[in-house]
Amino acid sequence: QVQLVESGGGLVQPGGSLRLSCAASGFTLDYYAIGWFRQAPGKEREGVSCMSDSDGSTYHADSVKGRFTISRDNAKKMVYLQMNSLKPEDTAVYYCAAARLYGSSWCGYEYEYWGQGTQVTVSS
């Protein structure tokens, strides 16, 4: 059974940090690009960060560049999103997703598997 399960969300003060984790099972993570997305209330889902399967190249949205870092540990079948200097506008449900094929979605992939999301709230 294919699963992506996010964890690590919560309530944090502005300027604080969180590390989100995404545990993959039921497929070989090595062969998949990974994306992190978020959706705030009343807004469309947006891509935040992505990481290729081949050369480990990464890309971050301008809104999080310099603050968020995506990483992966294929041996542990884990993907991470380190979020620093958090702002209230980072408040959203965060999702990880896996893609094997190129497509027209975030970072040029077609995301096949999705997690259920984890809530991040940045507030004082």
Side-chain angles (χ1 to χ4, degrees):
Q1 180 183 1
V2 171
Q3 272 194 313
L4 288 171
V5 180
E6 301 95 336
S7 61
L11 173 64
V12 63
Q13 291 188 341
S17 298
L18 281 175
R19 188 176 84 152
L20 304 184
S21 299
C22 174
S25 60
F27 66 101
T28 305
L29 183 63
D30 310 47
Y31 303 138
Y32 285 77
I34 294 295
W36 281 98
F37 297 77
R38 67 186 181 187
Q39 187 166 20
K43 295 188 176 181
E44 291 188 357
R45 186 175 62 198
E46 62 175 353
V48 174
S49 302
C50 65
M51 188 172 195
S52 75
D53 59 318
S54 53
D55 60 3
S57 58
T58 62
Y59 181 81
H60 300 276
D62 287 344
S63 58
V64 306
K65 203 168 290 183
R67 300 187 298 122
F68 289 13
T69 303
I70 186 172
S71 62
R72 64 195 293 165
D73 185 334
N74 288 338
K76 295 183 178 179
K77 304 192 77 172
M78 295 291 295
V79 181
Y80 306 99
L81 185 69
Q82 178 66 44
M83 306 187 297
N84 298 328
S85 302
L86 283 161
K87 305 175 181 180
E89 51 263 43
D90 295 318
T91 295
V93 177
Y94 283 72
Y95 302 88
C96 65
R100 181 126 192 216
L101 301 177
Y102 292 114
S104 58
S105 187
W106 174 241
C107 294
Y109 296 110
E110 192 67 34
Y111 293 90
E112 184 176 348
Y113 305 131
W114 291 84
Q116 83 291 346
T118 185
Q119 176 70 47
V120 172
T121 302
V122 185
S123 175
S124 54

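Values below: every heavy atom of this structure, side chains too, minus hydrogens, waters and symmetry copies.
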Would the number of heavy atoms belonging to other residues, nucleotides or ligands and lying under 6.0 Å from NZ of K65 be above 12? yes
Assigning hydrophobic clusters by single linkage (Ile, Leu, Val, Met, Phe, Trp, Tyr; side-chain heavy-atom cutoff under 4.5 Å), is I70 placed with F68? yes
Would you say V64 ends up clustered with V122 if hydrophobic residues are merged whenever their side chains have heavy atoms under 4.5 Å apart, either directly or through other cluster members? yes
Heavy-atom check, side chain of Y111 versus side chain of C50, under 4.5 Å: yes
Do you reckon Y59 sits in the same ILVMFWY cluster as M51, going by side-chain contacts under 4.5 Å, direct or chained? no
Can you confirm whether V120 sits close enough to L18 that some side-chain heavy atom of one is under 4.5 Å from a side-chain heavy atom of the other? yes
Shortest non-hydrogen contact between A61 and G47, atoms and distance: CB-O, 3.7 Å
When you compare the side chains of D55 and S57, does any donor N or O come within less than 3.5 Å of an acceptor on the partner? yes
Modelled atom types, side-chain donor and acceptor of Y80 and R19, under 3.5 Å: no
Do S49 and L81 have side chains that get closer than 4.5 Å, going by heavy atoms? yes
If I compare all heavy atoms of S17 with all of S85, which pair ends up nearest, and what's the gap? OG-N, 4.3 Å
Taking C-beta and beyond as the side chain, do Y109 and L101 meet within less than 4.5 Å on heavy atoms? no
For D53, what residues pass the salt bridge (charged side-chain N to carboxylate O under 4.0 Å, His left out) criterion, not counting sequence neighbours? none
Presence of salt bridge, R38 and D90, under 4.0 angstrom: yes
Audit row: V5, T118, side chain to side chain contact (heavy atoms under 4.5 Å, CB included) steps and yes/no: CA-CA 9 Å; V5 180; T118 185; over 6 Å; no
Do L20 and W36 come close enough that some side-chain heavy atom pair is under 4.5 Å? yes
Hydrophobic clustering (ILVMFWY, side-chain heavy atoms < 4.5 Å, transitive) - are V93 and W114 grouped together? yes
Does any non-hydrogen side-chain atom of S71 lie less than 4.5 Å from one of V79? no
Quick one: do R72 and N74 satisfy side chain to side chain contact (heavy atoms under 4.5 Å, CB included)? Show the steps, please. CA-CA 6 Å; R72 64 195 293 165; N74 288 338; 3.0 Å; yes
The reported gap from CG in L11 to OG1 in T91 (rounded to nearest 0.5 angstrom) is 8.5 Å
Quick one, S21 with M78, criterion side chain to side chain contact (heavy atoms under 4.5 Å, CB included). Give me CA distance, side-chain angles, the key distance, then yes/no. CA-CA 7 Å; S21 299; M78 295 291 295; 3.7 Å; yes
When you look at E6 and Q116, which way does the side chain to side chain contact (heavy atoms under 4.5 Å, CB included) test go after all the steps? CA-CA 7 Å; E6 301 95 336; Q116 83 291 346; 2.9 Å; yes
Minimal heavy-atom distance between F37 and A97, with the atoms involved, is CE1-CB, 3.9 Å
For Y113, run the ring-ring contact (aromatic ring centres under 6.0 Å, His included) check against Y31, F27, Y95 and tell me which one passes. F27
Please examine the side chains of Y94 and Q39, heavy atoms only from C-beta on, and report whether any two atoms are closer than 4.5 Å. no
Are any non-hydrogen side-chain atoms of S123 and P88 less than 4.5 angstrom apart? no
